[in-house]
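Atom set for the values below is all heavy atoms of this structure, side chains included, hydrogens, waters and symmetry mates excluded. Counting starts at 1 for both ligands and their atoms, in listed order.
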Amino acid sequence: MQKKIAVLAGDGIGPEIMRQALKVLRYLNLDLQIEEGLVGGAAYQVFGHPLPKKTLDMVSTCDAILFGAVGDWQYDALPRELRPEQAILGLRKAFGLYANLRPAVCYSALASSSTLKPELISNLNLLIIRELTGDVYFGTPRGLRPSPDGEFPGAQEGFDTMRYSQPEIARIAHTAFKAARLRKNQLTSVDKANVLESSGLWRSVMSEIALQYPDVALNHIYVDNAAMQLVKNPRSFDVIVTGNLFGDILSDLASMLTGSIGMLPSASLNQHSFGLYEPIHGSAPDIANKNIANPLATILSMALMFRYSLAMDEVAVRIEKAVNQVLAKNIRTVDINNTAHPSVSTEEMGDAVVAHL
Ligand code: IPM
Ligand code: MG
């Protein structure tokens with residue numbers, strides 16, 4: 001049966017980077033159906049909600065979601081449940097996309113674009129696996145209230161609940177151990193077990209599941225130490241598995257090791273390999289509509305879609321090869337341009353990838 005892709009471009013630079021991914025997709029001329037829908041601020045403008053039912057219904061009939069980015073300062077004053085970010089959180093929850101894969105690969109042509117010394121990051125290739133539907137992101141209760149106790153009783157306080165259940169940890173553990181098996185059989189679990197109850201459980205479940213994967217070496221480190229080691233010696237890691245909040249922070253950190261946040265794709269999967277594919281950078285409203293944003297993370301996210309949701313690995317490889325060749329030819333958008341050549345525009349980068357397919 002013909003596969004169907006939901007394309008949700010969103011806000012800020014979302015539409016312009018998505019146009020480049022679609023250009024690549026059209027050139028590939030595959031037997032796929034594409035449905036476009038509104039999310040984020042763009043959906044709020046039309047439907048008064050960042051994740052309208054119309055979009056959700058459309059997505060439910062698809063095999064994968066290709067997602068741009070959401071968010072814009074103009075929505076900052078809206079109540080939290082109407083802000084653009086709720087679209088991405090809502091999609092993660094609605095489709096149970098608990099496994100977020102964020103590969104951080106340093107293309108050799110870009111080693112000198114990183115703020116770290118090239119000798120520390122050349123050939124860096126690590127995979128962050130972030131749990132995506134639990135933790136303090138979704139834990140209840142949460143809210144605002146007069147403080148019931150503590151140093152300032154009665155004062156206004158904001159509170160959230162960091163929580164993980166045993167099965168939630170176990171399923172992401174299996175994802176991580178399986179991913180480690182396909183790489184170097186080395187897995188680092190990141191937590192804050194010296195302080196947090198949820199992390200204490202995280203650590204013990206990881207160790208328990210490890211018994212089923214005796215061929216994979218598991219080590220545990222605290223998140224503060226992980227942040228330090230990622231900057232100090234990033235190549236000491238291969239696969240990292242961590243919770244939602246720590247993964248959010250560490251994956252941004254890891255992206256900069258590779259030279260630019262504009263390069264990193266991600267896949268968010270449920271147990272049926274239905275997935276949402278998005279660049280890890282945000283909507284970057286400050287550079288929107290200037291035709292300078294880097295579309296490569298979106299194009300590489302599309303490659304992941306072919307790999308994980310559509311079982312078309314050969315197409316993924318073809319796209320990744322084309323991106324590599326473009327970079328090797330010093331074709332760069334401004335965010336990754338460490339060469340003497342002038343930077344290319346968003347459109348030109350899309351064209352260059354097509355030309356190298
Ligand atoms: C990410 C983003 C999101 C997150 C935001 C937009 C809700 O930062 O995908 O990393 O925090 O998960
Ligand atoms: Mg983030």
Distance-only, no hydrogens or angles: does the [X] side chain make a donor-acceptor pair with backbone N or O of [Y] under 3.5 Å?
X      : Y      : answer
Lys54  : Leu38  : no
Ser309 : Ser273 : yes
Thr133 : Gly96  : no

Practice task
Tell me, yes or no, whether the heavy-atom count around Asp76 atom CG, taken from other residues, nucleotides or ligands under 6.0 Å, exceeds 12.
Solution key: yes
Considering non-hydrogen atoms of the protein only, which is the closest contact for [atom], and what is the distance?
atom                    : answer
atom 6 (C) of ligand 1  : Glu85 CG, 3.9 Å
atom 9 (O) of ligand 1  : Arg92 NH2, 2.7 Å
atom 11 (O) of ligand 1 : Tyr137 OH, 2.5 Å

Exercise for the section: Please find the N/O/S atom of Asp248 nearest to the Mg ion (ligand 2) and write down its name. Expected result: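 This turns out to be OD1.
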Exercise for the section: Please identify which atoms of ligand 1 are closer than 4.0 Å to at least one heavy atom of Arg130. Expected result: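 In order of numbering, the contacting atoms are 1 (C), 4 (C), 9 (O), 10 (O), 11 (O), 12 (O).
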Exercise for the section: Answer yes or no: does an N/O atom from Asp248 fall short of 3.5 Å to an N/O atom of ligand 1? Expected result: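 By distance alone, the answer is yes.
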Exercise for the section: Please confirm whether Arg102 comes within less than 3.5 Å of ligand 1 when only nitrogen or oxygen atoms on both sides are compared. Expected result: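 For ligand 1, there is an N or O atom that lies under 3.5 Å from one belonging to Arg102.
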Handout entry: Val239 side chain near Gln186 side chain, heavy-atom distance below 4.5 Å
Key =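 Not in contact.
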Exercise for the section: Go through the steps to decide whether Arg92 and Asn100 satisfy the test side chain to side chain donor-acceptor pair (under 3.5 Å), and finish with yes or no. Expected result: CA-CA 10 Å; Arg92 288 172 185 171; Asn100 183 218; 5.6 Å; no
